[in-house]
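First the structure, in the form of structure tokens, and then the observations on it.
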Amino acid sequence: MSIDPSNVGREYGPYTYTLGVEKMREFAYAVAGGVPSSSFGGKPPPGLNPIFWDEAAAKASKYGAIVAFPTFAVNFAMKPFTEAVTDPRLGIDLVKLVHGEQAFEFFDVMRPGDVMTTTGRLTEIYEKAGMDFVVMETESVNQHGRRVVKAVWTAVIRR
Amino acid sequence: MPTLEPGATFTHERTCDKYRPIYYGAASGDFNPIHIDPEVGAQAGLGGAILQGMCTMAWAVEAVVNAVGDPGALKKVRVRFSRPVAPGDTVTFTGKITGEGEGGGTLVGTLTAKNQRGEDVLKGATFEVAR
């Protein structure tokens with residue numbers, strides 16, 4: 001069953017998310033082979049850039065604060081995509097869904113306390129090689145009205 | 001800070017340990033059962049739980065950010081997920097700076113990501129960084 005292309009143009013959001021420093025640290029730990037915890041086993045893995053976890057080193061940096069690992073953005077920017085692929089109007093069987101492609105464009109770093117507002121729009125729905133493709137573009141803007149992250153999310157639904 | 005110029009290459013390696021999909025799930029909010037529950041992964045025809053593609057992409061970004069030395073230098077990154085990464089897999093990332101972006105203020109590059117069998121887990125990966 002193919003996905004109704006009249007869903008192209010449908011918008012999801014806005015969704016807001018406040019960045020917290022502990023979650024930012026935990027994300028950097030998890031990517032770098034560590035445990036995303038502030039207690040059990042959670043510590044910066046060897047070699048992890050201090051800008052992601054060390055308050056003093058980060059303060060002395062050009063950013064003046066701990067910054068988020070770039071793809072930490074999934075924590076807020078993915079929401080419209082997950083809402084869309086679980087929207088009954090698209091009728092996607094989640095077990096058959098795989099993440100096909102992903103693109104990010106970054107315009108600024110992300111700091112603790114930043115409030116991100118994300119909106120998403122379905123831009124393409126098509127069939128190729130016996131599979132369905134659903135493409136969404138999201139844009140995340142911070143509390144200063146500055147665009148921080150644009151992303152393109154492509155879901156592939158196997159038949 | 002390392003200075004990268006067109007032609008420069010860099011490598012990075014990460015192994016997906018048994019708990020990585022759970023740890024990445026906790027850090028990212030992606031608790032899709034195919035990443036957490038081997039039974040669901042097997043039912044989906046994936047042979048068990050698989051790593052979130054976004055974690056593989058994060059490792060690709062890590063390769064670039066480590067080479068550049070500044071996470072804020074990353075301007076663009078794009079990947080296509082061509083093969084799942086499962087616990088026990090080791091992924092080797094090889095990046096290359098291929099040229100300058102428009103206006104010369106950035107560098108652009110390509111990235112490969114291969115598992116321990118030499119199979120591509122990402123395809124068509126590209127990035128752009130401030131120089």
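A quick note: this is a predicted structure, and the numbers were derived from the prediction, not measured. Quick note on labels: first sequence line is chain A, next is B, and so on, each numbered from 1.
Using a 4.5 Å cut-off between heavy atoms, A:A151 makes no contact with chain B at all. B:V40 does not touch chain A: none of its heavy atoms, backbone or side chain, sits under 4.5 Å away. Proximity to chain A (any heavy atom under 4.5 Å) is shown, for B:D17, by neither the backbone nor the side chain. At a 4.5 Å heavy-atom cutoff, the contact between A:Q102 and chain B is made by backbone and side-chain atoms alike. Heavy atoms of A:M24 lying under 4.5 Å from chain B are absent altogether.
Taking every heavy atom of both residues into account, A:V74 and B:M54 meet most closely at CG1-CE, 3.3 Å. Annotation for A:N75 and B:G29: closest pair OD1-N, 4.0 Å, computed over non-hydrogen atoms. When every heavy atom of A:Y63 is checked against every heavy atom of B:G72, the shortest pair comes out as OH-CA, 3.1 Å.
Close approach to chain B, defined as a heavy atom under 4.5 Å from one of its heavy atoms, is seen in A:N49, A:I51, A:F52 of residues 47-59 of chain A, taken by number. Contact residues of residues 73-93 of chain B toward chain A are B:A73, B:L74, B:K75, B:K76, B:V77, B:R78, B:V79, B:R80, B:F81 (heavy-atom distance under 4.5 Å).
There is a path of hydrophobic side-chain contacts, each under 4.5 Å, that joins A:Y15 to A:Y17. Note on A:V21 and A:F76: same hydrophobic cluster, where clusters join Ile, Leu, Val, Met, Phe, Trp and Tyr whose side-chain heavy atoms are under 4.5 Å apart, directly or indirectly. Cluster membership check: A:I157 does not share its hydrophobic cluster with A:V98, using side-chain heavy-atom separations under 4.5 Å among Ile, Leu, Val, Met, Phe, Trp and Tyr. A:L97 is not connected to B:I34 by any chain of hydrophobic side-chain contacts under 4.5 Å among Ile, Leu, Val, Met, Phe, Trp and Tyr, and they are in different clusters. A chain of hydrophobic side-chain contacts below 4.5 Å, direct or via other Ile, Leu, Val, Met, Phe, Trp or Tyr residues, connects A:V35 to B:I22.
The residue among B:P71, B:G124, B:P33 with the most heavy atom pairs within less than 4.5 Å of chain A is B:P71. Ranking B:G41, B:A44, B:A125, B:G45 against chain A, the residue ahead of the rest is B:A44, based on heavy-atom pairs under 4.5 Å. The residue among A:V31, A:V109, A:T71 with the most heavy atom pairs within less than 4.5 Å of chain B is A:V31. For chain A, the option among B:Q43, B:Q52, B:E62 with the highest count of heavy-atom pairs below 4.5 Å is B:E62.
Counting heavy atoms of neighbouring residues, nucleotides and ligands inside a 6.0 Å radius, atom OH of B:Y19 does not exceed 12 of them. Other residues, nucleotides and ligands contribute over 12 non-hydrogen atoms within 6.0 Å of the CD atom of B:E5.
Between the side chain of B:N32 and the backbone N or O of A:V95 there is no donor-acceptor pair closer than 3.5 Å.
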